[in-house]
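Contents: one structure, followed by commentary.
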Amino acid sequence: MRVSGLFALLVASVAAGAAFAPKAFAQDALAQNGAATFNAQCKSCHTVTAANSPAGPGLKGVVGRKVAGAPGYAYSKALSGKGGVWTDASLDAYLSNPAAFAPGGKMFTRVGDARARAAVIAWLKTQK
Ligand code: HEC
């Protein structure tokens, strides 16, 4: 009884490990793809340092930050009037269609692919 109980525990913990590990790998892979997306589609206008780029606000720590919250950046009224903080959901909405999220805003780059949006958001979370 005792041995089989231990065996069951072992099986259960191996199974639990197997269930968690791929998720961690998937998050890493997602963030890596996000870095590539950022470099290709965002870097010309955004930094991930404390400094703003001449062409757009700095995005260091943007996930969880106040919308239009980079110090010293002159945002459009459309974005600075939105209020709230950036979440996965609001970033997804903004990146899928900035003109619909903040009509009259200054950003026009759209990321049409949902997976690419999830990836770039996952990567931005790593830039604190
Ligand atoms: C051609 C320049 C340009 C490109 C390329 C660009 N952006 Fe922007 N982005 C801006 C500008 C300008 C703003 C400010 C918008 C406003 O004030 O209405 C902005 C704002 C943002 C904000 C809101 C920041 C805040 O402080 O509230 C996020 C998030 C963002 N961009 C993400 C991205 C991502 C991710 C990409 C790449 C997929 C990207 N941008 C590509 C110019 C750009």
Side-chain angles (χ1 to χ4, degrees):
M1 277 312 247
R2 200 181 198 133
V3 173
S4 72
L6 273 178
F7 182 71
L9 192 66
L10 185 69
V11 169
S13 49
V14 168
F20 285 124
K23 202 167 176 209
F25 281 127
Q27 275 304 111
D28 285 356
L30 201 61
Q32 263 170 29
N33 290 341
T37 302
F38 184 85
N39 288 333
Q41 295 187 50
C42 320
K43 203 179 179 175
S44 54
C45 299
H46 292 290
T47 67
V48 282
T49 66
N52 297 313
S53 145
L59 297 183
K60 181 180 161 75
V62 73
V63 186
R65 190 173 80 186
K66 268 171 55 187
V67 173
Y73 184 77
Y75 288 94
S76 66
K77 286 210 167 63
L79 200 63
S80 58
K82 286 294 280 188
V85 298
W86 287 116
T87 61
D88 287 43
S90 60
L91 283 167
D92 187 69
Y94 186 50
L95 295 176
S96 83
N97 191 350
F101 182 91
K106 294 201 284 185
M107 179 164 119
F108 303 96
T109 303
R110 296 174 68 159
V111 182
D113 180 62
R115 245 195 100 71
R117 289 196 302 275
V120 82
I121 294 165
W123 183 75
L124 284 170
K125 281 183 189 165
T126 69
Q127 304 300 305
K128 290 180 186 156

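Order of listing sets the numbers, starting from 1, for every ligand and every atom in it. Here the structure is a predicted model, which is why all the values come from computation and not from measurement.
Contact atoms of ligand 1 toward Leu95: 32 (C), 33 (C), 34 (C), 35 (C) (distance under 4.0 Å to a heavy atom of the residue). Within ligand 1, the atoms closer than 4.0 Å to a non-hydrogen atom of Gly105 are 18 (O), numbered from 1 in the order shown. Every atom of ligand 1 is numbered from 1 in the order shown, and the set under 4.0 Å from a heavy atom of Val111 is 38 (C). Residue contact check: Arg65 has heavy atoms under 4.0 Å from atoms 25 (C), 26 (O) of ligand 1. In summary, the atoms of ligand 1 found under 4.0 Å from a heavy atom of Val67, numbered by their order in the structure, are 27 (O). Near Leu91, meaning under 4.0 Å from one of its heavy atoms, ligand 1 places the atoms 29 (C). Ligand 1 places these atoms under 4.0 Å from at least one heavy atom of Gly69: 26 (O). Close approach to Ser76 involves these atoms of ligand 1, each under 4.0 Å from a residue heavy atom: 16 (C), 17 (O), 18 (O).
Between the side chain of Asn52 and the backbone N or O of Pro71 there is at least one donor-acceptor pair closer than 3.5 Å.
Qualifying side-chain hydrogen bond (donor to acceptor under 3.5 Å, both in side chains) partners for Asp92, counting only residues two or more places apart in sequence or in other chains: Arg117.
At least one N or O atom of Tyr75 sits closer than 3.5 Å to an N or O atom of ligand 1.
The shortest heavy-atom distance from Lys43 to ligand 1 is not under 4.0 Å. Put simply, part of Ala68 is less than 4.0 Å from ligand 1, judged by heavy atoms.
Between Ser76 and Gly105 the shortest heavy-atom distance is OG-CA, 3.5 Å. Between Pro103 and Ala78 the shortest heavy-atom distance is O-CB, 3.2 Å.
Residues Val67 and Leu79 have side chains in contact (heavy-atom distance under 4.5 Å, counting atoms from C-beta outward). Within the 4.5 Å cutoff, the side chain of Ser96 has no heavy atoms near those of the Phe101 side chain. Using a 4.5 Å cut-off on side-chain heavy atoms (C-beta onward), Leu95 and Met107 make contact.
For the pair Lys106 and Tyr75, the cation does not sit on the ring face, since its NZ or CZ is not both under 6.0 Å from the ring centre and inside 45° of the axis.
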Only distances under 3.5 Å count here; give the side-chain donor-acceptor pairs of residues 32-46 to other protein atoms, sequence neighbours excluded, each with its distance to 0.1 Å.
from, atom 1, to, atom 2, distance (Å)
Thr37, OG1, Asn33, O, 3.1
Asn39, ND2, Ala35, O, 3.3
His46, ND1, Pro57, O, 2.7

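Atom CG of Leu30 and atom OG1 of Thr126 lie 11.0 Å apart (nearest 0.5 Å). Residue Ile121 holds its CD1 atom at 12.5 Å from OH of Tyr94, rounded to the nearest 0.5 Å.
When the options Tyr73, Trp86, Tyr94 are ranked by their closest heavy atom to atom 15 (C) of ligand 1, first place goes to Tyr94.
Atom 41 (C) of ligand 1 has Gln41 O, 3.6 Å as its closest protein atom, hydrogens excluded (heavy atom only).
Around atom 8 (Fe) of ligand 1, the protein contributes the following N, O or S atoms at distances under 2.8 Å: His46 NE2, Met107 SD.
Pairs passing the side chain to side chain donor-acceptor pair (under 3.5 Å) check and including a residue from residues 55-68, sequence neighbours excluded, do not occur.
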